[in-house]
Structure formats: C-alpha cells, structure tokens
Number of protein chains: 2
Amino acid sequence: MGTTQLETVPEPKYWHLRTVLSEALENEFSVGEILPNERELAARFGVARATLRQALEQLELEGRLQRRRGVGTTVAPPRMGVSVGPAQHGWPGAPGDAWQALDCTLEVPPASVAETLVTGRDEPVHIVRRSRVSHGQPVAAELLYIPASSVPDLTGIDLPSGTARARAVLRELQHLELERQENTVELGSANAEDARELDRLPGAPVLVVTTRFITRGRTAALSVATYRADTCRLTFGDTGAVEVHHGPERRAS
Amino acid sequence: MGTTQLETVPEPKYWHLRTVLSEALENEFSVGEILPNERELAARFGVARATLRQALEQLELEGRLQRRRGVGTTVAPPRMGVSVGPAQHGWPGAPGDAWQALDCTLEVPPASVAETLVTGRDEPVHIVRRSRVSHGQPVAAELLYIPASSVPDLTGIDLPSGTARARAVLRELQHLELERQENTVELGSANAEDARELDRLPGAPVLVVTTRFITRGRTAALSVATYRADTCRLTFGDTGAVEVHHGPERRAS
DNA sequence: CAGTGGTCTAGACCACCCA
DNA sequence: GGGTGGTCTAGACCACTGC
C-alpha cells in the first residue's frame, strides 16, 4: 500500500453501501437467494431508497445482482463465459455456430454500416437477425449485414421468408473464402428491440461486439452483436476452447 | 393536453429525453462544445433535474457526453480504438508495447488471481503496475501478476524499486517462450485506485480485460487491465494494425 | 467567489408479477 | 390485490473548478 492517506475525504454513502452489501453477498447469501426488498433495505441502513438503489445499480452493473420488477432482487450467479473469437465462427452459420437464425430482410442499413461495407448509400443489403442462447438464457442479439455482392447467386432468385431465408443467405456465404475477421468491443446500452430480445429494460448495459468478415481485403459481412453485460464475460482467442460456465460453486470469501 | 402520441406504451421520460438530446448532439453541437448546465436543461425540458440526469448518464455511458464536476458537460469525441490483441503485446514490456511501467511490488494476490496462477494461497507474486496513455489521455490501468516461478533468476537478488524494478521484472519475463494468450472482456466499475488513475469517479464503468499469458500449458503471468468504457473501443485480432483514431470528423446524421 | 456536477432526501405514483 | 422494482418530483447540501 505504501502511502495510506488518512482520508479527510468522506466516502459517498452509496459507495460505502455498495461495499457493505458486496461483503454481505459473499458471506451471508448464496446464488439465487432473494434479498429483502428495497424499502426494507433502505430502512435497515438508514438511507433514502434512492441512495440504496444507487448501490444496487452498481452491484447489478458488476453482475452481482439481478433485479426484476414485480419479483425482487436476487443474487446473480457468476458471469458465464461466452466465446467470441475466430474459433467461434468460421463464417456465421458454420457448423458449431452458437447462433440461431431468426429471419432475414433486405433493407438499407444505417449509414455507419454502409460506410464499413463498401456499399453505396441507399443500397439495400441482406440483414439477418440471429440470437444466441447459453445455459437456457438469451445472452446476445445480432444483426448481420451482408451486401448483395457477397452472395451473388441469390440476386434475382425468389427467396423464401423467415428462418428459411436467413439460412439460405448464410449457406450462400460459406462459398466465400474467409481471409480473417476483426473484432471490436465497446460499451453500449440496449435499444428497445435488443432489450426485448435480451429480457432486459431499454438502456440496459450491453457489450457491443462488431465483427468484420474479410475476404480478399474487402468486408464481405458485418456483424453487430449486443451481449448482456450483466451476465456475460466475453472470451477471445481461446483456440479450440468452448464456452464454459464457471466451475462448481466457489464463491465464499 | 395536446396528445401528440397515443402510445399505449408510455415511454419513460428519461428515455425519450435521451433520444431528443441524442439528436440534438448530432445536429446542433460539435465535439468539445459545452452544453447548458443541468438545471437549465431540466427547466427547458420541463422535468426534474434527477430525470434529466438519468438521460445524461445514459449518454455518458454511450460515450457521447463527458461530464466534469465544477466544469460542465461537453460533447465527447468519438471513442478511440485501442488494440488489445496478441498483436499488441507479445510479452508485456516487449518493444512496441503501448504500456508504461510504473512500479512493482511483491505481494499476496487476491484469491481469484492466485487461483488462476498455479501459486498457493499466501504466496506472494510480483505485481507490476502499468498505465496506458493514448492521444494524451489515460485510457487504462493494469495490474500484472507474475509468480516468482516465471522469473526464477530474480529470486534472492536485490531488486531496485520503482519503475526500474518493474522494468527488470518485465525484462526477465521475455526469456520465456510465449505459447499463446487468452483474453476475456467484461464490464466492471472502477475502484478508487483505478478511478484516480483514469481520471474518473469511483464506480465509473470500465472494460476489464483479463489476459492469461501461457507458456507450456501453464499461466506464466496474468494481466488485469481496466479500460475507460466511455472513451475506448477495444479492437481485437487486428493482425498488424495499430490503434487508430476515428478518421476525419464524420458525425452528422 | 460563483457556478458546475455529485450526492441525498422523503415522498408519490406507475408497471409488472404472482398467488 | 398486495408486493416488487421502475420512474419522477422538488427540494437541499456538498465537492470541485476556475476566475
């Protein structure tokens, strides 16, 4: 520690609360257990409910708590590891892919996406919606943008609809030779649609993983996947490793 | 009541505010510009200050705004890309490394760390503190845990202190053959120390990147790096690519 | 010093879940 | 219907910045 300063600085109440609750979670509660309600906790600690909630929000952000309206606050299990590396998808839709295709439309993508793909503005692309489930829970929602030029054999053909269509587009994608992929991760907040799909409220924190699939120097497809930040720990570059839940409960202390 | 919308689903005020402000940011403000203060904004939109603040918090989380106590709220520049892949560090401290070593101590690591390293409990390890700066701004703080067994030639030797000591340990590490590394990313909140180093308040959202450096199947070192989630976009697997700021301003619409 | 964002209070009502 | 968390209000005071 070296220089321990004799704090003249008063710690905010909610921060101190967070610490106290955090320790209580480790020592006095087990995973899945339900906490006393907010009004009681606030009274017990002698603070306003808003202050107590600030502390709970912190802990929820850190994946320690799970709160559900109408139900209560429960102790969250350790975050699950979900693999996001090149090992995971060769191409989207390849065997072993953790994603489930939902449907597919042909629409003009947002400007920021059109910019990354080489497509011109107002040029529609295939948009495949997929969802990812792990341990019985939805963990991510994805939009896959695929320019028509990446699946040339589908132009002019009468495509089916729904999941069949999505699978047809993905199957076509496999014909391309995947050179490499580039991933970026950043913090975002769930929009209304993602929130519904992830069983969260709008604005919930998500990890946005953007993947560029590159063939011959060109971006052949672009994936924007939003992962629940509260329940997921993203793993990269696990050569061959599969997603793993935290081992047998090992929490105390 | 001029019922502009008949929404059977009433959108929360703060969420609607977020949308309105978000559009205003794109159309009426430029990067670095300072917004009216919270009290005035709240009055202007006819909401309580707390509600206005909820909207601002969202936007700050998304990296759109930057708020500083005593100063004001400003429009944030686009997030900067910081590369985190194997391309970045061969070994920590290798040439081209983006990190700056600060100091090094010999301490017993947290239980969760000791568990990942093979070390027994209560066995001290070298802990190197490093910091990463990009575009003149601190973006990450790191703790590097290195078991004594990974740098055997240093045992019993009289080590210097401060940055010299950190560099000595890192230099010794280069002698090992790096098999591969595994990265995980998850959301966290800055503790007091990280917050100070990152020029943020405690509890600020951070992206925690944990890297296991593996030699001959063993974890030879463990890095826990906390990146500012508001200003950083992590990039992975950019073979050879260097960190790049967003290109020339291209924001509108 | 004045002005900013950060913390905190004590209420109120609403949306949702479940017995 | 009773209980939960989610939203919102109208205040107050504090900590920090910069002039």
Side-chain angles (χ1 to χ4, degrees), chain A residues 5 7-19 21 32-61 64-76 189-190 192 195-196 199-205 230, chain B residues 7-19 21 33-61 64-76 189-190 192 195-196 199-205 230:
Chain A
Q5 52 187 5
E7 302 294 348
T8 53
V9 186
E11 205 175 34
K13 278 190 186 177
Y14 79 92
W15 186 255
H16 184 246
L17 251 184
R18 187 202 79 106
T19 307
L21 285 170
E33 196 167 346
I34 188 167
L35 268 63
N37 72 53
E38 297 183 349
R39 289 163 180 86
E40 179 174 338
L41 279 178
R44 187 178 301 185
F45 288 106
V47 300
R49 190 178 155 218
T51 304
L52 185 269
R53 277 180 59 82
Q54 234 181 315
L56 294 184
E57 264 151 38
Q58 281 283 333
L59 291 168
E60 190 179 31
L61 198 78
R64 311 279 308 275
L65 289 180
Q66 188 164 353
R67 300 191 288 172
R68 274 176 306 170
R69 169 157 50 180
V71 180
T73 302
T74 57
V75 181
S189 50
R196 201 173 344 105
D199 192 24
R200 300 260 66 196
L201 292 176
D230 55 344
Chain B
E7 298 296 347
T8 52
V9 184
E11 205 176 32
K13 278 190 185 177
Y14 80 93
W15 186 255
H16 183 246
L17 250 184
R18 187 203 80 108
T19 307
L21 286 169
E33 195 167 345
I34 188 167
L35 268 62
N37 71 54
E38 296 184 351
R39 289 162 181 87
E40 179 175 340
L41 280 178
R44 187 179 300 185
F45 287 106
V47 298
R49 193 179 151 216
T51 305
L52 185 270
R53 278 179 61 81
Q54 235 181 315
L56 294 184
E57 263 152 39
Q58 280 283 333
L59 291 167
E60 191 179 31
L61 198 77
R64 311 279 308 275
L65 289 180
Q66 188 163 354
R67 301 191 288 174
R68 274 177 307 171
R69 168 157 49 179
V71 179
T73 302
T74 57
V75 181
S189 50
R196 200 172 346 103
D199 193 24
R200 301 260 66 195
L201 291 175
D230 55 344

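The chains referred to below are lettered A, B, ... by the order of the sequence lines, with proteins before strands, and numbering in each begins at 1.
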- Task: Report yes or no: is there a donor-acceptor pair, N or O only, under 3.5 Å between the side chain of B:R69 and the base of C:dG3?
- Result: no

- Task: Measure from CD on B:Q58 to P on D:dG6 and round the result to the nearest Å.
- Result: 14 Å

- Find which nucleotide of DNA chain C each of B:P36 and A:P12 is nearest to by heavy atoms, and output the residue with the more 5' nucleotide. B:P36

- Query: Under a 4.5 Å cut-off applied to non-hydrogen side-chain atoms, are B:P12 and B:Q54 in contact?
  - Reply: no

- For A:E38 and D:dT7, give me the distance from atom CD to atom P, rounded to whole Å. 11 Å

- Query: To the nearest angstrom, how far is B:L59 atom CG from C:dG5 atom P?
  - Reply: 14 Å

- Task: Nearest whole angstrom, please: distance from the C1' of C:dT7 to the CG of B:L52.
- Result: 16 Å

- CG of A:L41 versus C1' of D:dG6: gap in Å, rounded? 16 Å

- Between D:dG6, D:dG18, D:dT9, which nucleotide gets closest to the side-chain atoms of B:V47? D:dT9

- Could you state the atom-to-atom distance from CD of B:E40 to P of C:dG5 in whole Å? 10 Å

- Message: Counting only side-chain nitrogens and oxygens, does B:T51 get under 4.0 Å of the OP1 or OP2 atom of D:dT9?
- Response: yes

- Query: Atom CD of B:E57 to atom P of D:dT7: distance rounded to whole Å?
  - Reply: 12 Å

- Task: Start with the C-alpha gap between A:L35 and A:L65, add the side-chain angles, then the distance that decides, and say whether side-chain contact (heavy atoms from CB on, under 4.5 Å) holds.
- Result: CA-CA 9 Å; A:L35 268 63; A:L65 289 180; 4.2 Å; yes

- Task: Please check if atom CG in A:D199 has more than 12 non-hydrogen atoms from other residues, nucleotides or ligands closer than 6.0 Å.
- Result: no

- Message: How many whole angstroms separate atom CD of A:E11 from atom C1' of C:dG6?
- Response: 15 Å

- Message: So for atom CZ, which belongs to A:R49, do other residues, nucleotides or ligands contribute more than 12 heavy atoms lying within a distance under 6.0 Å?
- Response: yes

- When you check the phosphate oxygens OP1 and OP2 of D:dG3, does a side-chain N or O of A:N37 lie under 4.0 Å from one of them? no

- Message: Considering every strand and a 4.0 Å limit on heavy-atom distances, what is the contact class for B:R68: base, sugar-phosphate, or nothing?
- Response: sugar-phosphate

- Message: Taking 4.0 Å as the cut-off, does a side-chain nitrogen or oxygen of A:R67 come that near to OP1 or OP2 on D:dT4?
- Response: no

- Task: Check whether any side-chain N or O of A:T73 sits under 4.0 Å from OP1 or OP2 of D:dT4, and answer yes or no.
- Result: no

- Query: Closer to the 5' end of DNA chain D via nearest nucleotide, is it B:A48 or B:R39?
  - Reply: B:A48

- Decide yes or no, distance alone: a donor-acceptor N/O pair under 3.5 angstrom between the base of C:dG6 and the side-chain of B:R49. yes

- Item | Short side-chain N/O contact to C:dG6 OP1/OP2 from A:K13, under 4.0 Å | no

- 4.5 Å side-chain heavy-atom contact, A:R64 and A:Q58: no

